[in-house]
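For the numbers below, each heavy atom of this structure counts, side chains included, while hydrogens, waters and symmetry mates do not.
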Amino acid sequence: MSDSSAPRTARASGSQGQSAPPRAQGSALLRSLSGPLANWLPEQRWFAGKGRPLGELALISATELLPLSPTGTAPGLLHLLVRAGARPGRSPESAAGDCYQLLLGVRTALPDALGPALVGRPTEGPLRGLAVYEALHDPRLAGLLLERLRTPGRLGTLTFGRAPGAAIPSGLAPRVLTGEQTNSSVVFGDAHILKLFRRVSPGVNPDLELPLALARTGCARVPAPAAWFEAHWPGGPEEPLTLGVLQPFLAGSTDGWQLAQRSLAEGPDFTPAAHALGRATAEVHAALAEVLPTDLLTGRRLEGIALGMMERLDQAVEVVSALRPYRDGLRRCYAALADHAARGGGARVQRLHGDLHLGQVLTADGPVGEAGAHWTMIDFEGEPARPLADRREPGPPVRDVAGMLRSFDYAACQHQVDGDSRAAEWSRANRAAYCAGYADGGGEDPLAERELLLSYETDKAVYEVLYEARHRPSWLPVPMMAIRRLAEAAA
Ligand SMILES: Nc1ncnc2c1ncn2[C@@H]1O[C@H](COP(=O)(O)OP(=O)(O)O)[C@@H](O)[C@H]1O
Ligand SMILES: O=P(O)(O)O[C@H]1O[C@H](CO)[C@@H](O[C@H]2O[C@H](CO)[C@@H](O)[C@H](O)[C@H]2O)[C@H](O)[C@H]1O
(Lines give C-alpha, C1' and ligand atoms only; values in the text may rest on other atoms or scores of the structure.)
(Ligands and ions follow the chains in the order given, each with its own letter.)
Protein backbone atom coordinates (compact mmCIF):
# COMPACT_ATOMS: atom_id res chain seq x y z
CA MET A 1 0.00 0.00 0.00
CA SER A 2 1.22 3.47 -0.72
CA ASP A 3 1.70 5.98 2.06
CA SER A 4 -1.26 7.92 0.73
CA SER A 5 -3.47 5.22 2.23
CA ALA A 6 -3.54 6.96 5.60
CA PRO A 7 -5.37 5.30 8.47
CA ARG A 8 -9.05 6.06 8.56
CA THR A 9 -11.91 4.48 10.38
CA ALA A 10 -15.60 4.20 10.92
CA ARG A 11 -16.95 4.60 14.41
CA ALA A 12 -17.00 1.59 16.67
CA SER A 13 -20.61 2.50 17.32
CA GLY A 14 -22.99 4.83 15.54
CA SER A 15 -25.00 4.79 12.37
CA GLN A 16 -24.51 1.78 10.13
CA GLY A 17 -21.82 1.84 7.48
CA GLN A 18 -20.77 5.43 7.99
CA SER A 19 -17.13 6.10 7.45
CA ALA A 20 -15.70 8.45 10.06
CA PRO A 21 -12.15 9.21 9.01
CA PRO A 22 -10.72 11.19 11.93
CA ARG A 23 -7.29 9.81 12.72
CA ALA A 24 -7.97 9.92 16.46
CA GLN A 25 -10.80 7.41 16.12
CA GLY A 26 -8.64 5.18 13.90
CA SER A 27 -5.86 5.14 16.44
CA ALA A 28 -8.32 4.50 19.28
CA LEU A 29 -9.67 1.45 17.46
CA LEU A 30 -6.15 0.29 16.73
CA ARG A 31 -5.25 0.74 20.40
CA SER A 32 -8.07 -1.67 21.24
CA LEU A 33 -7.14 -4.22 18.61
CA SER A 34 -3.32 -4.16 18.49
CA GLY A 35 -2.83 -6.50 21.45
CA PRO A 36 -5.32 -9.20 20.37
CA LEU A 37 -4.24 -9.01 16.72
CA ALA A 38 -0.53 -9.25 17.52
CA ASN A 39 -1.15 -12.71 19.00
CA TRP A 40 -3.83 -13.87 16.62
CA LEU A 41 -2.65 -12.73 13.17
CA PRO A 42 0.62 -14.72 12.97
CA GLU A 43 -1.29 -17.90 13.89
CA GLN A 44 -3.58 -17.69 10.88
CA ARG A 45 -3.01 -20.09 7.99
CA TRP A 46 -3.35 -17.18 5.54
CA PHE A 47 -0.85 -14.91 7.30
CA ALA A 48 1.96 -14.50 4.78
CA GLY A 49 4.64 -13.08 7.07
CA LYS A 50 5.38 -16.28 9.03
CA GLY A 51 8.77 -16.23 10.71
CA ARG A 52 9.18 -12.46 10.19
CA PRO A 53 8.59 -9.80 12.83
CA LEU A 54 5.00 -8.61 12.78
CA GLY A 55 6.10 -4.98 12.97
CA GLU A 56 3.77 -2.20 13.92
CA LEU A 57 0.14 -2.71 12.92
CA ALA A 58 -1.54 0.07 10.95
CA LEU A 59 -5.24 0.50 10.32
CA ILE A 60 -5.77 1.27 6.65
CA SER A 61 -9.54 1.35 6.58
CA ALA A 62 -12.44 0.47 8.82
CA THR A 63 -16.11 0.22 7.95
CA GLU A 64 -18.84 -0.59 10.35
CA LEU A 65 -21.24 -2.99 8.64
CA LEU A 66 -23.40 -3.30 11.74
CA PRO A 67 -23.20 -1.27 14.95
CA LEU A 68 -23.07 -3.07 18.27
CA SER A 69 -26.55 -2.77 19.77
CA PRO A 70 -26.74 -0.21 22.62
CA THR A 71 -27.65 -2.99 25.07
CA GLY A 72 -24.81 -5.16 23.78
CA THR A 73 -27.13 -8.09 23.18
CA ALA A 74 -26.73 -8.13 19.37
CA PRO A 75 -23.31 -8.33 17.72
CA GLY A 76 -21.57 -5.58 15.80
CA LEU A 77 -19.68 -6.20 12.55
CA LEU A 78 -16.48 -4.39 11.59
CA HIS A 79 -14.66 -4.61 8.30
CA LEU A 80 -10.97 -3.76 8.60
CA LEU A 81 -7.95 -3.52 6.37
CA VAL A 82 -4.84 -3.81 8.49
CA ARG A 83 -1.21 -3.53 7.48
CA ALA A 84 1.38 -5.75 9.15
CA GLY A 85 4.94 -6.88 8.65
CA ALA A 86 6.51 -3.64 7.44
CA ARG A 87 10.24 -4.22 6.91
CA PRO A 88 12.18 -0.96 6.92
CA GLY A 89 15.07 -0.77 4.49
CA ARG A 90 13.65 -3.34 2.04
CA SER A 91 12.06 -2.77 -1.37
CA PRO A 92 9.15 -0.27 -1.39
CA GLU A 93 6.73 -3.18 -1.52
CA SER A 94 8.08 -5.11 1.48
CA ALA A 95 8.80 -1.87 3.35
CA ALA A 96 5.07 -1.20 3.32
CA GLY A 97 4.24 -4.68 4.65
CA ASP A 98 1.15 -6.70 3.73
CA CYS A 99 -2.45 -5.60 3.87
CA TYR A 100 -4.93 -8.08 5.37
CA GLN A 101 -8.70 -8.13 5.32
CA LEU A 102 -10.44 -8.83 8.64
CA LEU A 103 -14.14 -9.21 9.35
CA LEU A 104 -14.61 -8.95 13.07
CA GLY A 105 -17.66 -9.54 15.18
CA VAL A 106 -17.97 -7.68 18.47
CA ARG A 107 -20.12 -8.84 21.40
CA THR A 108 -20.30 -8.28 25.11
CA ALA A 109 -20.48 -12.02 25.75
CA LEU A 110 -19.46 -14.74 23.33
CA PRO A 111 -21.74 -17.79 23.06
CA ASP A 112 -19.87 -21.11 23.59
CA ALA A 113 -20.35 -22.09 19.94
CA LEU A 114 -18.27 -19.07 18.91
CA GLY A 115 -15.48 -19.74 21.42
CA PRO A 116 -13.04 -21.10 18.80
CA ALA A 117 -13.59 -17.95 16.70
CA LEU A 118 -12.33 -15.63 19.46
CA VAL A 119 -9.63 -13.20 18.34
CA GLY A 120 -9.23 -11.60 21.75
CA ARG A 121 -10.66 -9.32 24.43
CA PRO A 122 -9.21 -5.82 24.14
CA THR A 123 -8.06 -4.34 27.44
CA GLU A 124 -8.10 -0.72 26.28
CA GLY A 125 -9.69 1.67 23.80
CA PRO A 126 -13.30 1.73 22.54
CA LEU A 127 -13.62 -2.09 22.42
CA ARG A 128 -12.31 -2.59 25.94
CA GLY A 129 -13.92 -5.55 27.72
CA LEU A 130 -15.74 -6.77 24.59
CA ALA A 131 -15.20 -10.07 22.79
CA VAL A 132 -13.76 -9.64 19.30
CA TYR A 133 -14.10 -12.67 17.04
CA GLU A 134 -14.01 -13.94 13.46
CA ALA A 135 -17.35 -12.79 12.09
CA LEU A 136 -17.62 -15.41 9.34
CA HIS A 137 -18.23 -18.05 12.03
CA ASP A 138 -21.28 -16.18 13.31
CA PRO A 139 -24.24 -17.23 11.11
CA ARG A 140 -25.97 -13.94 11.84
CA LEU A 141 -23.01 -11.86 10.63
CA ALA A 142 -22.15 -14.11 7.67
CA GLY A 143 -25.82 -13.85 6.68
CA LEU A 144 -25.60 -10.08 6.87
CA LEU A 145 -22.64 -10.10 4.49
CA LEU A 146 -24.65 -12.21 2.04
CA GLU A 147 -27.47 -9.69 2.26
CA ARG A 148 -25.02 -6.89 1.43
CA LEU A 149 -23.79 -8.87 -1.58
CA ARG A 150 -27.35 -9.18 -2.80
CA THR A 151 -27.71 -5.42 -2.76
CA PRO A 152 -25.28 -3.49 -4.98
CA GLY A 153 -24.09 -0.17 -3.60
CA ARG A 154 -21.57 1.55 -1.35
CA LEU A 155 -21.08 1.33 2.38
CA GLY A 156 -18.20 3.28 3.91
CA THR A 157 -15.09 2.26 1.99
CA LEU A 158 -16.81 -0.81 0.52
CA THR A 159 -18.53 -1.19 -2.84
CA PHE A 160 -20.77 -4.18 -3.51
CA GLY A 161 -21.36 -5.36 -7.09
CA ARG A 162 -23.67 -8.00 -8.50
CA ALA A 163 -23.72 -9.69 -11.92
CA PRO A 164 -26.85 -8.69 -13.85
CA GLY A 165 -29.35 -11.50 -13.71
CA ALA A 166 -27.50 -13.51 -11.02
CA ALA A 167 -30.06 -15.15 -8.74
CA ILE A 168 -28.89 -14.99 -5.12
CA PRO A 169 -31.54 -16.21 -2.69
CA SER A 170 -31.63 -14.60 0.74
CA GLY A 171 -31.48 -16.37 4.09
CA LEU A 172 -29.14 -19.20 2.99
CA ALA A 173 -27.49 -20.97 5.94
CA PRO A 174 -23.73 -20.27 6.06
CA ARG A 175 -20.95 -22.78 6.83
CA VAL A 176 -17.25 -21.88 6.92
CA LEU A 177 -14.90 -24.24 5.07
CA THR A 178 -12.25 -25.67 7.35
CA GLY A 179 -9.72 -27.15 4.88
CA GLU A 180 -6.20 -25.79 4.37
CA GLN A 181 -6.72 -22.60 2.40
CA THR A 182 -4.87 -19.48 1.32
CA ASN A 183 -8.07 -17.44 1.89
CA SER A 184 -11.34 -18.02 3.76
CA SER A 185 -14.53 -19.40 2.22
CA VAL A 186 -18.13 -19.65 3.36
CA VAL A 187 -20.70 -21.86 1.66
CA PHE A 188 -24.25 -20.51 1.73
CA GLY A 189 -26.94 -23.19 1.66
CA ASP A 190 -24.93 -25.34 -0.79
CA ALA A 191 -25.96 -22.80 -3.42
CA HIS A 192 -23.15 -20.24 -3.34
CA ILE A 193 -19.61 -19.97 -2.03
CA LEU A 194 -18.03 -16.71 -0.92
CA LYS A 195 -14.26 -16.43 -0.98
CA LEU A 196 -12.87 -13.69 1.20
CA PHE A 197 -9.37 -12.73 0.09
CA ARG A 198 -7.08 -12.33 3.06
CA ARG A 199 -3.91 -10.65 1.76
CA VAL A 200 -5.15 -7.91 -0.52
CA SER A 201 -3.54 -5.29 -2.74
CA PRO A 202 -4.74 -2.56 -5.07
CA GLY A 203 -5.88 -3.87 -8.46
CA VAL A 204 -8.53 -6.33 -9.52
CA ASN A 205 -7.88 -9.86 -8.27
CA PRO A 206 -7.57 -12.31 -11.21
CA ASP A 207 -9.96 -14.63 -9.35
CA LEU A 208 -12.65 -12.05 -10.13
CA GLU A 209 -11.23 -10.67 -13.38
CA LEU A 210 -10.76 -13.96 -15.25
CA PRO A 211 -14.01 -15.73 -14.29
CA LEU A 212 -15.92 -12.53 -15.24
CA ALA A 213 -14.11 -12.44 -18.61
CA LEU A 214 -14.78 -16.15 -19.16
CA ALA A 215 -18.46 -15.68 -18.34
CA ARG A 216 -18.60 -13.16 -21.21
CA THR A 217 -17.44 -15.90 -23.61
CA GLY A 218 -20.09 -18.32 -22.36
CA CYS A 219 -17.37 -20.71 -21.11
CA ALA A 220 -19.10 -23.17 -18.76
CA ARG A 221 -15.85 -24.55 -17.31
CA VAL A 222 -15.59 -21.84 -14.63
CA PRO A 223 -18.30 -20.76 -12.16
CA ALA A 224 -19.39 -17.23 -13.10
CA PRO A 225 -19.11 -14.64 -10.29
CA ALA A 226 -22.56 -13.75 -8.98
CA ALA A 227 -21.46 -10.88 -6.71
CA TRP A 228 -18.27 -9.32 -5.32
CA PHE A 229 -17.06 -6.49 -3.14
CA GLU A 230 -14.13 -4.10 -3.23
CA ALA A 231 -12.57 -1.34 -1.13
CA HIS A 232 -11.81 2.15 -2.38
CA TRP A 233 -11.55 5.45 -0.57
CA PRO A 234 -10.58 9.04 -1.30
CA GLY A 235 -6.83 9.49 -0.94
CA GLY A 236 -6.30 5.72 -1.08
CA PRO A 237 -4.72 3.70 -3.89
CA GLU A 238 -5.96 4.50 -7.37
CA GLU A 239 -7.27 1.02 -8.04
CA PRO A 240 -9.84 -0.65 -5.77
CA LEU A 241 -8.81 -3.72 -3.76
CA THR A 242 -10.87 -6.83 -4.53
CA LEU A 243 -12.08 -8.25 -1.23
CA GLY A 244 -14.44 -11.12 -1.98
CA VAL A 245 -16.23 -13.05 -4.72
CA LEU A 246 -19.50 -14.99 -4.49
CA GLN A 247 -19.98 -17.76 -7.05
CA PRO A 248 -22.24 -20.78 -7.52
CA PHE A 249 -21.27 -23.72 -5.30
CA LEU A 250 -20.86 -27.05 -7.08
CA ALA A 251 -22.55 -29.23 -4.48
CA GLY A 252 -21.51 -32.88 -4.43
CA SER A 253 -18.35 -32.29 -6.45
CA THR A 254 -14.97 -33.87 -5.78
CA ASP A 255 -11.62 -32.36 -6.66
CA GLY A 256 -9.04 -33.93 -8.95
CA TRP A 257 -6.63 -34.52 -6.07
CA GLN A 258 -9.09 -36.75 -4.19
CA LEU A 259 -9.95 -38.66 -7.37
CA ALA A 260 -6.29 -39.14 -8.21
CA GLN A 261 -5.62 -40.44 -4.69
CA ARG A 262 -8.52 -42.86 -5.04
CA SER A 263 -7.18 -44.08 -8.38
CA LEU A 264 -3.72 -44.63 -6.89
CA ALA A 265 -5.07 -46.41 -3.82
CA GLU A 266 -7.83 -48.46 -5.38
CA GLY A 267 -6.71 -48.99 -8.97
CA PRO A 268 -9.26 -47.43 -11.34
CA ASP A 269 -7.66 -45.96 -14.44
CA PHE A 270 -7.40 -42.17 -14.20
CA THR A 271 -6.05 -41.59 -17.72
CA PRO A 272 -9.46 -40.88 -19.35
CA ALA A 273 -10.10 -38.29 -16.64
CA ALA A 274 -6.60 -36.85 -17.17
CA HIS A 275 -7.24 -36.67 -20.92
CA ALA A 276 -10.56 -34.87 -20.31
CA LEU A 277 -8.75 -32.51 -17.95
CA GLY A 278 -6.24 -31.68 -20.70
CA ARG A 279 -9.09 -30.88 -23.07
CA ALA A 280 -10.78 -28.72 -20.42
CA THR A 281 -7.55 -26.78 -19.83
CA ALA A 282 -7.17 -26.13 -23.58
CA GLU A 283 -10.80 -24.97 -23.74
CA VAL A 284 -10.33 -22.47 -20.89
CA HIS A 285 -7.09 -21.20 -22.44
CA ALA A 286 -8.82 -20.68 -25.80
CA ALA A 287 -11.64 -18.74 -24.14
CA LEU A 288 -9.18 -16.54 -22.21
CA ALA A 289 -7.23 -15.82 -25.40
CA GLU A 290 -10.49 -14.85 -27.09
CA VAL A 291 -11.38 -12.07 -24.63
CA LEU A 292 -8.09 -10.89 -23.13
CA PRO A 293 -4.89 -9.62 -24.76
CA THR A 294 -2.33 -12.03 -26.19
CA ASP A 295 1.19 -11.43 -27.46
CA LEU A 296 4.16 -13.20 -29.00
CA LEU A 297 7.42 -13.17 -27.05
CA THR A 298 10.67 -13.51 -28.98
CA GLY A 299 14.33 -12.56 -28.51
CA ARG A 300 15.13 -10.61 -25.36
CA ARG A 301 11.56 -10.72 -24.05
CA LEU A 302 11.56 -14.52 -24.16
CA GLU A 303 15.07 -14.62 -22.74
CA GLY A 304 13.69 -12.41 -19.95
CA ILE A 305 11.45 -15.31 -18.88
CA ALA A 306 14.52 -17.55 -18.47
CA LEU A 307 16.34 -14.80 -16.53
CA GLY A 308 13.35 -14.36 -14.22
CA MET A 309 13.41 -18.09 -13.50
CA MET A 310 17.13 -17.96 -12.72
CA GLU A 311 16.52 -15.09 -10.32
CA ARG A 312 13.72 -16.94 -8.55
CA LEU A 313 15.98 -19.98 -8.26
CA ASP A 314 18.78 -17.92 -6.72
CA GLN A 315 16.36 -16.38 -4.22
CA ALA A 316 15.00 -19.82 -3.33
CA VAL A 317 18.53 -21.20 -2.79
CA GLU A 318 19.07 -18.45 -0.21
CA VAL A 319 16.03 -19.63 1.73
CA VAL A 320 16.21 -23.43 1.29
CA SER A 321 19.82 -24.57 1.28
CA ALA A 322 18.87 -28.11 0.20
CA LEU A 323 18.46 -26.62 -3.28
CA ARG A 324 22.10 -25.51 -3.52
CA PRO A 325 23.61 -28.76 -4.94
CA TYR A 326 21.10 -28.65 -7.81
CA ARG A 327 21.46 -24.98 -8.69
CA ASP A 328 23.87 -25.43 -11.62
CA GLY A 329 21.86 -28.30 -13.13
CA LEU A 330 18.61 -26.31 -12.93
CA ARG A 331 20.25 -23.21 -14.38
CA ARG A 332 21.26 -25.30 -17.43
CA CYS A 333 17.59 -26.01 -18.04
CA TYR A 334 16.80 -22.27 -18.04
CA ALA A 335 19.88 -21.61 -20.18
CA ALA A 336 18.42 -23.98 -22.81
CA LEU A 337 15.33 -21.75 -22.92
CA ALA A 338 17.46 -18.61 -23.26
CA ASP A 339 19.34 -20.35 -26.08
CA HIS A 340 16.10 -21.27 -27.77
CA ALA A 341 15.14 -17.57 -27.64
CA ALA A 342 18.52 -16.52 -29.03
CA ARG A 343 18.04 -18.97 -31.92
CA GLY A 344 14.80 -17.25 -32.93
CA GLY A 345 12.33 -19.30 -30.89
CA GLY A 346 9.10 -17.65 -29.79
CA ALA A 347 6.31 -18.14 -27.25
CA ARG A 348 2.69 -17.06 -27.50
CA VAL A 349 1.54 -15.54 -24.21
CA GLN A 350 -1.92 -14.92 -22.77
CA ARG A 351 -3.76 -14.72 -19.44
CA LEU A 352 -3.63 -18.01 -17.55
CA HIS A 353 -4.86 -19.76 -14.44
CA GLY A 354 -1.42 -19.33 -12.90
CA ASP A 355 -1.53 -22.00 -10.17
CA LEU A 356 -3.18 -24.97 -11.82
CA HIS A 357 -3.11 -28.22 -9.88
CA LEU A 358 -5.39 -31.18 -9.15
CA GLY A 359 -6.95 -29.39 -6.17
CA GLN A 360 -8.20 -26.61 -8.46
CA VAL A 361 -10.38 -28.79 -10.68
CA LEU A 362 -13.74 -30.17 -9.61
CA THR A 363 -16.08 -32.71 -11.11
CA ALA A 364 -19.50 -33.89 -10.06
CA ASP A 365 -19.35 -36.77 -12.53
CA GLY A 366 -19.52 -40.46 -11.75
CA PRO A 367 -16.69 -42.82 -10.94
CA VAL A 368 -13.09 -41.93 -11.55
CA GLY A 369 -11.88 -42.95 -14.98
CA GLU A 370 -15.18 -42.22 -16.70
CA ALA A 371 -14.34 -40.74 -20.10
CA GLY A 372 -15.62 -37.25 -20.66
CA ALA A 373 -15.61 -36.29 -16.97
CA HIS A 374 -16.81 -32.69 -16.88
CA TRP A 375 -14.12 -30.67 -15.17
CA THR A 376 -14.70 -27.23 -13.66
CA MET A 377 -11.79 -24.97 -12.84
CA ILE A 378 -11.63 -22.73 -9.75
CA ASP A 379 -9.22 -20.35 -7.99
CA PHE A 380 -7.74 -18.13 -10.70
CA GLU A 381 -5.83 -16.10 -8.12
CA GLY A 382 -2.42 -17.32 -9.31
CA GLU A 383 0.44 -18.28 -6.99
CA PRO A 384 -0.48 -16.58 -3.70
CA ALA A 385 3.12 -15.62 -2.82
CA ARG A 386 3.64 -13.53 -5.98
CA PRO A 387 2.78 -9.83 -6.17
CA LEU A 388 -0.58 -9.10 -7.80
CA ALA A 389 0.97 -7.34 -10.82
CA ASP A 390 3.04 -10.47 -11.61
CA ARG A 391 0.01 -12.69 -11.27
CA ARG A 392 -1.82 -10.60 -13.87
CA GLU A 393 0.99 -10.85 -16.44
CA PRO A 394 0.29 -12.95 -19.53
CA GLY A 395 2.39 -16.10 -19.81
CA PRO A 396 2.80 -19.09 -22.14
CA PRO A 397 -0.14 -21.52 -21.74
CA VAL A 398 2.37 -24.30 -21.18
CA ARG A 399 2.94 -22.79 -17.75
CA ASP A 400 -0.47 -24.08 -16.60
CA VAL A 401 0.23 -27.43 -18.27
CA ALA A 402 3.50 -27.67 -16.32
CA GLY A 403 1.61 -26.91 -13.08
CA MET A 404 -0.76 -29.80 -13.68
CA LEU A 405 2.10 -32.15 -14.64
CA ARG A 406 3.73 -31.36 -11.31
CA SER A 407 0.46 -32.22 -9.61
CA PHE A 408 0.37 -35.73 -11.12
CA ASP A 409 3.87 -36.17 -9.76
CA TYR A 410 2.77 -34.92 -6.33
CA ALA A 411 -0.19 -37.32 -6.26
CA ALA A 412 2.03 -40.28 -7.20
CA CYS A 413 4.60 -39.35 -4.54
CA GLN A 414 2.00 -40.02 -1.83
CA HIS A 415 2.01 -43.65 -2.96
CA GLN A 416 5.65 -44.17 -3.84
CA VAL A 417 7.00 -47.30 -2.18
CA ASP A 418 10.66 -48.28 -2.58
CA GLY A 419 11.17 -50.89 -5.26
CA ASP A 420 7.61 -50.54 -6.57
CA SER A 421 7.33 -48.57 -9.81
CA ARG A 422 3.51 -48.46 -9.99
CA ALA A 423 3.15 -44.90 -8.71
CA ALA A 424 5.84 -43.63 -11.08
CA GLU A 425 4.10 -45.40 -13.97
CA TRP A 426 0.76 -43.87 -12.87
CA SER A 427 2.33 -40.41 -13.03
CA ARG A 428 3.94 -41.04 -16.44
CA ALA A 429 0.69 -42.35 -17.96
CA ASN A 430 -1.47 -39.51 -16.60
CA ARG A 431 1.00 -36.80 -17.55
CA ALA A 432 1.01 -38.21 -21.11
CA ALA A 433 -2.81 -38.48 -21.20
CA TYR A 434 -3.17 -34.89 -19.95
CA CYS A 435 -0.79 -33.51 -22.62
CA ALA A 436 -2.56 -35.55 -25.33
CA GLY A 437 -5.94 -34.22 -24.12
CA TYR A 438 -4.58 -30.68 -24.20
CA ALA A 439 -3.46 -31.09 -27.83
CA ASP A 440 -6.72 -32.87 -28.80
CA GLY A 441 -8.63 -29.96 -27.24
CA GLY A 442 -7.01 -27.54 -29.69
CA GLY A 443 -4.06 -26.42 -27.56
CA GLU A 444 -0.46 -26.29 -28.76
CA ASP A 445 1.05 -29.77 -28.17
CA PRO A 446 2.96 -29.17 -24.89
CA LEU A 447 5.54 -31.79 -25.81
CA ALA A 448 6.45 -29.78 -28.92
CA GLU A 449 7.49 -26.85 -26.68
CA ARG A 450 10.18 -28.80 -24.86
CA GLU A 451 12.37 -25.96 -23.57
CA LEU A 452 9.39 -23.98 -22.30
CA LEU A 453 7.69 -26.98 -20.71
CA LEU A 454 10.82 -28.17 -18.90
CA SER A 455 11.66 -24.65 -17.72
CA TYR A 456 8.17 -24.05 -16.37
CA GLU A 457 8.11 -27.43 -14.68
CA THR A 458 11.42 -26.59 -13.04
CA ASP A 459 10.26 -23.10 -12.06
CA LYS A 460 7.13 -24.62 -10.49
CA ALA A 461 9.15 -27.22 -8.58
CA VAL A 462 11.35 -24.42 -7.20
CA TYR A 463 8.22 -22.50 -6.15
CA GLU A 464 6.90 -25.67 -4.48
CA VAL A 465 10.13 -26.11 -2.53
CA LEU A 466 9.62 -22.64 -1.06
CA TYR A 467 5.90 -23.22 -0.51
CA GLU A 468 6.46 -26.51 1.32
CA ALA A 469 9.37 -25.13 3.36
CA ARG A 470 7.08 -22.33 4.56
CA HIS A 471 3.77 -24.13 4.98
CA ARG A 472 4.24 -27.92 5.11
CA PRO A 473 7.88 -28.84 5.83
CA SER A 474 7.06 -32.55 5.97
CA TRP A 475 6.09 -32.35 2.27
CA LEU A 476 9.42 -30.84 1.22
CA PRO A 477 10.80 -34.19 -0.08
CA VAL A 478 8.03 -34.23 -2.73
CA PRO A 479 9.23 -31.27 -4.84
CA MET A 480 12.85 -32.11 -3.94
CA MET A 481 12.45 -35.42 -5.79
CA ALA A 482 11.47 -33.48 -8.90
CA ILE A 483 14.34 -31.04 -8.40
CA ARG A 484 16.82 -33.94 -8.45
CA ARG A 485 15.21 -35.46 -11.54
CA LEU A 486 15.08 -32.15 -13.44
CA ALA A 487 18.65 -31.16 -12.51
CA GLU A 488 19.97 -34.56 -13.64
CA ALA A 489 17.99 -34.40 -16.90
CA ALA A 490 19.51 -31.00 -17.71
CA ALA A 491 23.09 -32.15 -16.99
N1 LIG B 1 -17.51 -23.20 -6.87
C2 LIG B 1 -17.16 -24.14 -5.99
N3 LIG B 1 -17.91 -25.22 -5.79
C4 LIG B 1 -17.57 -26.19 -4.88
N5 LIG B 1 -16.49 -26.10 -4.10
C6 LIG B 1 -15.70 -25.02 -4.26
C7 LIG B 1 -15.97 -24.00 -5.21
N8 LIG B 1 -15.00 -23.05 -5.12
C9 LIG B 1 -14.16 -23.47 -4.16
N10 LIG B 1 -14.58 -24.67 -3.65
C11 LIG B 1 -13.94 -25.42 -2.55
O12 LIG B 1 -13.29 -24.49 -1.71
C13 LIG B 1 -11.90 -24.80 -1.59
C14 LIG B 1 -11.10 -23.51 -1.50
O15 LIG B 1 -11.30 -22.73 -2.67
P16 LIG B 1 -10.10 -21.97 -3.37
O17 LIG B 1 -10.68 -21.06 -4.39
O18 LIG B 1 -9.09 -22.96 -3.86
O19 LIG B 1 -9.53 -21.12 -2.15
P20 LIG B 1 -8.05 -20.69 -1.73
O21 LIG B 1 -7.62 -19.62 -2.69
O22 LIG B 1 -8.24 -20.16 -0.35
O23 LIG B 1 -7.14 -21.91 -1.78
C24 LIG B 1 -11.58 -25.63 -2.82
O25 LIG B 1 -10.52 -26.50 -2.60
C26 LIG B 1 -12.87 -26.36 -3.06
O27 LIG B 1 -12.92 -27.53 -2.28
O1 LIG C 1 -4.57 -24.01 -3.74
P2 LIG C 1 -3.74 -22.81 -3.42
O3 LIG C 1 -4.03 -21.65 -4.29
O4 LIG C 1 -3.77 -22.44 -1.98
O5 LIG C 1 -2.23 -23.27 -3.82
C6 LIG C 1 -1.17 -23.41 -2.90
O7 LIG C 1 -1.35 -24.58 -2.13
C8 LIG C 1 -1.29 -25.83 -2.85
C9 LIG C 1 -1.42 -26.95 -1.81
O10 LIG C 1 -2.66 -26.90 -1.20
C11 LIG C 1 0.05 -25.96 -3.57
O12 LIG C 1 0.01 -27.15 -4.39
C13 LIG C 1 1.02 -28.11 -4.21
O14 LIG C 1 0.47 -29.21 -3.48
C15 LIG C 1 -0.62 -29.88 -4.16
C16 LIG C 1 -1.03 -31.06 -3.27
O17 LIG C 1 -1.51 -30.60 -2.05
C18 LIG C 1 -0.18 -30.39 -5.53
O19 LIG C 1 -1.29 -30.97 -6.21
C20 LIG C 1 0.37 -29.23 -6.35
O21 LIG C 1 0.86 -29.72 -7.60
C22 LIG C 1 1.51 -28.56 -5.59
O23 LIG C 1 1.98 -27.42 -6.31
C24 LIG C 1 0.21 -24.78 -4.50
O25 LIG C 1 1.49 -24.88 -5.14
C26 LIG C 1 0.15 -23.48 -3.67
O27 LIG C 1 0.25 -22.36 -4.52
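- In summary, Lys460 and Asp400 do not engage in a salt bridge, as defined by a charged side-chain N under 4.0 Å from a carboxylate O.
- Here the side chain of Trp40 pairs no donor or acceptor atom with the backbone of Tyr133 at under 3.5 angstrom.
- Contact of the Leu59 side chain with the Leu33 side chain is not registered, since no non-hydrogen atoms from C-beta on lie closer than 4.5 Å.
- For Glu56, the CD atom sits in a loose shell: 12 or fewer heavy atoms of surrounding residues, nucleotides or ligands are nearer than 6.0 Å.
- When every heavy atom of Pro225 is checked against every heavy atom of Val245, the shortest pair comes out as CB-CG1, 3.9 Å.
- In plain terms, the two heavy atoms of Pro384 and Tyr463 that are nearest each other are CD-OH, 3.4 Å.
- For Arg175, the salt bridge (charged side-chain N to carboxylate O under 4.0 Å, His left out) partners are Asp190, not counting sequence neighbours.
- Under a 4.0 Å N-O distance rule, the pair Asp379/Lys195 qualifies as a salt bridge.
- Side-chain contact between Leu362 and Ile378: present, with at least one pair of heavy atoms (C-beta onward) separated by less than 4.5 Å.
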Mind running side chain to side chain contact (heavy atoms under 4.5 Å, CB included) on Leu194 and Phe188 for me, showing each step along the way?
-> CA-CA 8 Å; Leu194 169 68; Phe188 288 97; 3.8 Å; yes

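- Around CZ of Arg128, the count of heavy atoms belonging to other residues, nucleotides or ligands within 6.0 Å does not exceed 12.
- A tilted orientation is assigned to the rings of Tyr100 and Trp46, their planes being inclined by 30° to 60°.
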Worked verdict on Arg148 versus Leu158 for side chain to side chain contact (heavy atoms under 4.5 Å, CB included) | CA-CA 10 Å; Arg148 292 263 30 132; Leu158 309 179; over 6 Å; no

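- Leu214 has its side chain out of reach of Met377: every pair of non-hydrogen atoms, C-beta onward, lies at least 4.5 Å apart.
- One N or O on the side chain of Ser407 and one on the backbone of Leu358 form a donor-acceptor pair closer than 3.5 Å.
- For the 3.5 Å distance criterion, the side chains of Ser184 and Arg198 qualify, holding a donor opposite an acceptor.
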Candidate pair His192 and Leu149, rule side chain to side chain contact (heavy atoms under 4.5 Å, CB included), full reasoning | CA-CA 12 Å; His192 283 93; Leu149 286 159; over 6 Å; no

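- A salt bridge between Glu147 and Arg150 is present, with a side-chain N of the basic residue lying under 4.0 Å from a carboxylate O of the acidic one.
- The closest donor-acceptor contact from the side chain of Arg312 to the backbone of Asp459 lies at 3.5 Å or more, if one exists at all.
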Steps toward side chain to side chain contact (heavy atoms under 4.5 Å, CB included) verdict (Leu65, Leu141) | CA-CA 9 Å; Leu65 284 153; Leu141 298 181; over 6 Å; no

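- Between Leu37 and Pro42, the closest heavy-atom pair is O-CD, 3.8 Å.
- Atom CZ of Arg140 has 12 or fewer heavy atoms from other residues, nucleotides or ligands within 6.0 Å.
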